[in-house]
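For this chain, numbers begin at 1 and follow the sequence in order.
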Amino acid sequence: MPTYIRLKGQGVKEMDVCWLVPADIDASTSTSSRDTLICLELKGYQTWTIPADLLANLEQKAKDTLLMFCAAWLGRGQGSELALELPEAYRTYDPSRRLQLVILVDEDNRQAAALMALRQKLRNRLLGLTHLLDFSLTIVNRSSAERAGLPISAATPT
């Protein structure tokens with residue numbers, strides 16, 4: 001996204017990758033059949049401990065990502081340029097479409113309690129925004145992501 005690249009140097013953060021899941025192939029949607037735009041943040045730790053700034057970093061990435069969508073939907077300033085770089089269905093706000101932020105922490109289940117604490121703290125910090133902007137926030141480890149059907153795989157070191 002060329003517009004984001006320009007914004008990045010101005011203190012704006014984003015999620016690592018986004019993709020669109022059309023409703024007709026979204027097997028995980030049990031309550032509705034809405035299209036879903038998934039924004040994924042990847043965090044990997046060989047020897048996993050929570051870095052002191054991880055919570056603040058994830059909170060900022062989530063907020064900035066949501067602000068970029070809002071700017072695109074308002075069509076003002078560089079938001080109008082961002083809108084042109086989004087999937088066509090997400091260039092304008094439509095409450096029939098879902099937005100899901102997923103944070104994948106690649107850890108080996110040894111830090112399950114720390115991951116649960118991180119999940120709860122981040123949800124608490126973003127609770128108001130989830131209600132205001134009607135999005136979902138999920139923090140998962142790799143095994144949970146695979147069970148949920150997220151299209152991920154680990155690269156094998158060479």
Side-chain angles (χ1 to χ4, degrees), residues 1-23 26 28-29 31-32 34-45 48-107 111-142 144-146 148-152:
M1 294 179 64
T3 305
Y4 167 71
I5 291 169
R6 286 196 310 274
L7 292 170
K8 187 176 182 179
Q10 299 170 17
V12 177
K13 296 180 179 276
E14 45 65 65
M15 307 290 274
D16 291 324
V17 65
C18 295
W19 69 94
L20 182 62
V21 179
D26 187 1
S28 67
T29 307
T31 58
S32 68
R34 302 185 293 173
D35 289 346
T36 303
L37 184 64
I38 298 175
C39 299
L40 180 68
E41 175 66 21
L42 304 165
K43 293 293 181 188
Y45 300 99
W48 204 78
T49 57
I50 296 179
D53 65 344
L54 182 60
L55 180 61
N57 180 278
L58 294 175
E59 179 182 9
Q60 193 64 52
K61 282 179 172 276
K63 286 179 176 179
D64 285 356
T65 297
L66 293 168
L67 284 171
M68 285 190 283
F69 278 107
C70 289
W73 295 332
L74 286 171
R76 300 189 61 177
Q78 291 182 337
S80 59
E81 296 172 39
L82 276 172
L84 296 174
E85 297 166 9
L86 292 173
E88 190 170 340
Y90 281 82
R91 290 180 183 169
T92 58
Y93 177 74
D94 182 341
S96 71
R97 295 185 177 93
R98 292 178 23 179
L99 178 61
Q100 183 174 9
L101 304 184
V102 178
I103 299 166
L104 172 63
V105 180
D106 190 10
E107 58 89 23
Q111 298 294 328
L115 185 59
M116 282 181 45
L118 176 67
R119 180 184 300 126
Q120 191 59 48
K121 287 177 184 176
L122 189 59
R123 282 186 178 161
N124 289 344
R125 287 189 179 195
L126 297 174
L127 184 62
L129 286 179
T130 62
H131 293 288
L132 281 171
L133 299 175
D134 189 27
F135 72 96
S136 64
L137 173 70
T138 307
I139 300 177
V140 296
N141 62 12
R142 186 183 342 171
S144 296
E146 289 170 345
L150 289 176
I152 61 164

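By the 4.5 Å heavy-atom criterion applied to side chains, Arg125 and Leu55 are counted as neighbours. The closest side-chain heavy-atom distance from Val102 to Met15 is not below 4.5 Å. Residues Thr3 and Leu84 form no side-chain contact, since every pair of their non-hydrogen atoms from C-beta on lies 4.5 Å or further apart. A 4.5 Å side-chain heavy-atom check between Glu59 and Leu126 finds at least one atom pair inside the cut-off. Counting only heavy atoms from C-beta outward, the side chains of Val105 and Leu54 never approach each other to under 4.5 Å. In this structure, the side chains of Leu122 and Ile103 come closer than 4.5 Å at one or more pairs of heavy atoms. At a threshold of 4.5 Å between non-hydrogen side-chain atoms, the residues Phe69 and Leu133 do not count as touching.
In terms of heavy-atom proximity, Ala72 sits nearest to Leu86 at CB-CD1, 3.8 Å. Minimum heavy-atom separation, Cys18 to Cys39: SG-SG, 2.9 Å. When every heavy atom of Asp64 is checked against every heavy atom of Gly11, the shortest pair comes out as OD2-O, 3.7 Å. For Glu14 against Glu41, the heavy-atom pair with the smallest separation is O-OE1, 3.6 Å. Closest approach of Phe135 and Leu101 over heavy atoms only: CE1-CD1, 3.7 Å. When all heavy atoms of Arg98 and Thr36 are compared, the closest pair comes out as NE-OG1, 3.3 Å.
Environment of CD in Gln10: crowded, with over 12 heavy atoms of neighbouring residues, nucleotides or ligands closer than 6.0 Å.
With rounding to the nearest 0.5 angstrom, the CG atom of Leu67 is 14.0 Å from the NZ atom of Lys13. Atoms NZ and CG, from Lys43 and Asp16 in turn, are 7.0 Å apart once rounded to the nearest 0.5 Å. To the nearest 0.5 angstrom, Gln60 atom CD is 9.5 Å from Thr65 atom OG1.
The backbone N or O of Tyr90 lies less than 3.5 Å from a partner atom in the side chain of Trp73, making a donor-acceptor pair.
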